[in-house]
Enquirer: 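Please find one structure pasted underneath; my questions will follow.
Along the sequence shown, the residues carry numbers beginning at 1. All values derive from a computational prediction rather than experimental measurement.
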Amino acid sequence: MTVNSAARHLRVAIIGGGPGGLATAIALTKIPHVSVTIYEQAAVLREVGAGISIGTNSWNVLQLLGVADTLTSGHPTWAIINMNARSGEEIDRREKVRDETQRAPVRTQRTKLQSALLAHVEPGLIQLSKKLERMLDKGREGVELHFEDGTTVTADLVVGADGIRSVVRDTAWPGYELSFTGTTIWRTLIPWDDVKELDPRFGTTGWWHGTSSYVYFSPVGEGLWEIASRSWQDPALQSADKKSWGVPVENAFVESHFKDFLPQIQEALSRVPQGHWREFAAFAGPELAQLTAWDSKVVLVGDASHALSGAFGSGAGFAMEDGWILAQALAYWKNDISKALPLFDTIRLPYYSRMYAHLAAEANKRAAKLKALANPTYDELVRNRIITDGGEDMSWIYKNDIGAVWKDWVDTQ
Ligand SMILES: Cc1cc2nc3c(=O)[nH]c(=O)nc-3n(C[C@H](O)[C@H](O)[C@H](O)COP(=O)(O)OP(=O)(O)OC[C@H]3O[C@@H](n4cnc5c(N)ncnc54)[C@H](O)[C@@H]3O)c2cc1C
């Protein structure tokens, strides 16, 4: 990193205290002449949802942030299986190559990641109950932020880390629209002891697929077991009432989507205590042409910048990578936002473009395979949901080394 004394002082307002906002704050406080405040709408910082995967890419950035050693719990995911939920057939098994130089990929509780990040955020940087309502471009003065409680502040740089329904993005990128993908997700954690006798395969991280739904089972460490179940419905018919994010839902409603699954799967679902399920409706939005706006006074990180609805199961990693790269770009250009933000775009935009292109290509591949089947059976439809022909090498995501990406860019200069 370029250490400099001539850097201008920069007032940075981070909107949102999720993984993206917290990681950005940690990275920015390591560079000179930057004052950082996180504005978070919630009165108490808490994570909804159940588990989260920390792959090599996420470990790499956690290491750079100095947080990796604080995140200690989780279940190693060396093997991952894909099963037919009605017949129990194992369709695909991936064994990850063990690399002793790397931290093991783990599935852990979302709260564990959040508290590890929080432990490294300097005290006093987070202001809670600060819901951003609108912002105004004040030219050379900066950006004026208006909060729901009637207060305002002015910042030189606004980091929109406010998630998929970002107010920052909707203000600086007017007309951006999200739409319901058709997928509803129900998630919970229960004690592993409550289900472990049901099927020995439940102890391995895996997906149990139906034709338009699946359940995902994984241990997450500390004696807990995660269930993340999904069901797809035609978004054209279902979009109107699909706004829920982390809301409680009745057990019977969740279970009704998996009535044709194996009895032991249905039994596992029935053992979830009433009131423990949370529902998440997955929304997505189009690719942005730029991640920065308002003459480099606004930048988006994490879900706000790429509304992919958790498509790669690594969005927290992407959000933390964004925050770390933003800090390197600012340090490199001595806090000159007119140079640092285009550099952020140069590094991160092509990465997100590649994700959008990958998802479109996979969808086309699936559609072509489906078309080739005359009257597909249930089992053929299930097999078609899983890319078993090798697929694309995904190491550009799951093994991404953001430190090396930055070094490569610096070396080209
Ligand atoms: C079902 C599912 C499974 C996933 N699994 C994984 C996984 O295994 N691994 C992984 O890495 N990622 C996973 N992800 C993705 C990951 O959860 C997100 O990518 C990640 O949380 C994004 O972090 P973020 O900080 O950008 O946004 P968020 O986590 O959404 O945080 C945004 C924050 O901004 C706050 N906020 C919002 N609006 C305002 C406002 N107006 N004013 C002030 N504050 C505001 C919110 O309260 C929130 O705290 C998954 C996502 C889904 C949906």
Enquirer: Look at atom CD of Glu197 and say whether more than 12 heavy atoms of other residues, nucleotides or ligands are closer to it than 6.0 Å.
Expert: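 More than 12 within 6.0 Å, yes.
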Enquirer: Is there a donor in the side chain of Thr70 and an acceptor in the side chain of His120, or the other way round, less than 3.5 Å apart?
Expert: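 On atom types as modelled, these side chains qualify, holding a pair under 3.5 Å.
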Enquirer: Is the shortest heavy-atom distance from the side chain of Leu269 to the side chain of Trp277 under 4.5 Å?
Expert: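 Contact flag for Leu269/Trp277 side chains = yes.
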Enquirer: Would Asp322 and Tyr352 count as having a side-chain donor-acceptor pair, cut-off 3.5 Å?
Expert: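 Asp322 vs Tyr352: donor-acceptor pair found between side chains.
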Enquirer: Are any of the side-chain heavy atoms of Thr77 and Val106 separated by less than 4.5 Å?
Expert: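 Heavy-atom side-chain distance check fails, nothing below 4.5 Å.
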Enquirer: Is it true that Arg103 and Asp69 make a salt bridge, defined as a side-chain N closer than 4.0 Å to a carboxylate O?
Expert: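 Here Arg103 pairs with Asp69 in a salt bridge, since their nearest N and O are under 4.0 Å apart.
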Enquirer: Check whether any side-chain heavy atom of Leu62 sits under 4.5 Å from a side-chain heavy atom of Leu113, and report yes or no.
Expert: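 A side-chain contact exists here, since the closest heavy-atom pair is under 4.5 Å.
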Enquirer: Does Arg187 count as lying over the ring of Phe280, i.e. NZ or CZ under 6.0 Å from the six-ring centre, within 45 degrees of the axis?
Expert: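 So Arg187 does make the cation-pi contact.
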Enquirer: Quick one about Thr205 and Ser218 (side-chain donor to acceptor, distance below 3.5 Å, no hydrogens or angles considered), yes or no?
Expert: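 Yes - a donor-acceptor pair under 3.5 Å links their side chains.
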Enquirer: Taking only residues two or more places apart in sequence, or in another chain, which ones meet Leu64 in a side-chain contact (heavy atoms from CB on, under 4.5 Å)?
Expert: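 Leu64 satisfies side-chain contact (heavy atoms from CB on, under 4.5 Å) with Trp324, Ile402 only.
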Enquirer: Quick one about Gln109 and Glu222 (side-chain donor to acceptor, distance below 3.5 Å, no hydrogens or angles considered), yes or no?
Expert: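 Judged by distance alone, the side chains do pair up.
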Enquirer: Once side-chain contact (heavy atoms from CB on, under 4.5 Å) is applied, do any residues pair with Leu381, and if so which ones, sequence neighbours excluded?
Expert: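 With neighbours one apart ignored, the set is Thr211, Leu370, Pro376.
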Enquirer: Side chains of Thr37 and Lys130: is there a donor and an acceptor less than 3.5 Å apart?
Expert: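 Short answer, no.
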Enquirer: Report yes or no: do Arg169 and Tyr176 form a side-chain donor-acceptor pair below 3.5 Å?
Expert: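 No, no side-chain donor-acceptor contact under 3.5 Å.
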Enquirer: Under the side chain to side chain contact (heavy atoms under 4.5 Å, CB included) test against Arg11, which residue among Leu157, Thr154, Val158 passes?
Expert: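 In the set Leu157, Thr154, Val158, the residue that makes a side chain to side chain contact (heavy atoms under 4.5 Å, CB included) with Arg11 is Thr154.
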Enquirer: Under 4.5 Å between any side-chain heavy atoms of Glu226 and Arg107, yes or no?
Expert: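 Yes, side chains in contact.
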Enquirer: Quick check: Phe202 with Trp192 (ring centres under 6.0 Å apart)?
Expert: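 Here the rings of Phe202 and Trp192 have centres that are no less than 6.0 Å from each other.
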Enquirer: Is the backbone N or O of Ile397 less than 3.5 Å from a side-chain atom of Asn57, with the two atoms forming a donor-acceptor pair by type?
Expert: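 A pair under 3.5 Å: yes.
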Enquirer: Regarding Glu279 and Trp186, do their side chains bring together a donor and an acceptor under 3.5 Å, going by distance alone?
Expert: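 Yes, side-chain donor-acceptor contact under 3.5 Å.
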Enquirer: Quick check: Phe312 with His358 (ring centres under 6.0 Å apart)?
Expert: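 Judged by ring-centre distance (under 6.0 Å), His358 and Phe312 do meet the cut-off.
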Enquirer: With sequence neighbours excluded, tell me which residues meet side chain to side chain donor-acceptor pair (under 3.5 Å) with Gln290.
Expert: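 Listed in chain order: nothing, the list is empty.
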Enquirer: Once salt bridge (Lys or Arg N to Asp or Glu O under 4.0 Å) is applied, do any residues pair with Glu100, and if so which ones, sequence neighbours excluded?
Expert: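 With sequence neighbours excluded, Glu100 shows a salt bridge (Lys or Arg N to Asp or Glu O under 4.0 Å) to no residue whatsoever.
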Enquirer: Would you say Asp260 and Tyr378 make side-chain contact, with heavy atoms under 4.5 Å?
Expert: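 Result yes, sub-4.5 Å side-chain heavy-atom pair found.
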Enquirer: Who are the side-chain contact (heavy atoms from CB on, under 4.5 Å) partners of Asp379, not counting sequence neighbours?
Expert: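 Counting only residues at least two positions away or on another chain, Asp379 forms a side-chain contact (heavy atoms from CB on, under 4.5 Å) with Asn84, Thr377, Arg383.
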Enquirer: Say whether Arg134 and His146, considering side chains only, have a donor N or O and an acceptor N or O under 3.5 Å apart.
Expert: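 Looking only at side-chain atoms, His146 and Arg134 do form a donor-acceptor pair, the distance falling under 3.5 Å.
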Enquirer: Is it true that Lys399 and Asp401 have a side-chain N and a carboxylate O under 4.0 angstrom from each other?
Expert: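 A salt bridge is absent here (no side-chain N lies under 4.0 Å from a carboxylate O).
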Enquirer: Over 60° means perpendicular and under 30° means parallel, so tell me whether Trp409 and Trp406 are parallel, tilted or perpendicular.
Expert: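 The arrangement is parallel - the two ring planes meet at less than 30°.
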Enquirer: Measure centre to centre between the rings of Phe217 and Trp225, then say whether the value is under 6.0 Å.
Expert: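 Ring centres of Trp225 and Phe217 closer than 6.0 Å.
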Enquirer: Report the C-alpha distance between Lys131 and Glu133 in whole Å, list the side-chain angles of each, state the deciding distance to 0.1 Å, and finish with yes or no for salt bridge (charged side-chain N to carboxylate O under 4.0 Å, His left out).
Expert: CA-CA 6 Å; Lys131 180 173 182 168; Glu133 256 187 0; over 6 Å; no
Enquirer: Kindly write out the residues that satisfy salt bridge (Lys or Arg N to Asp or Glu O under 4.0 Å) with Asp193, not counting sequence neighbours, or none if the list is empty.
Expert: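 With sequence neighbours excluded, Asp193 shows a salt bridge (Lys or Arg N to Asp or Glu O under 4.0 Å) to Lys196, given in chain and number order.
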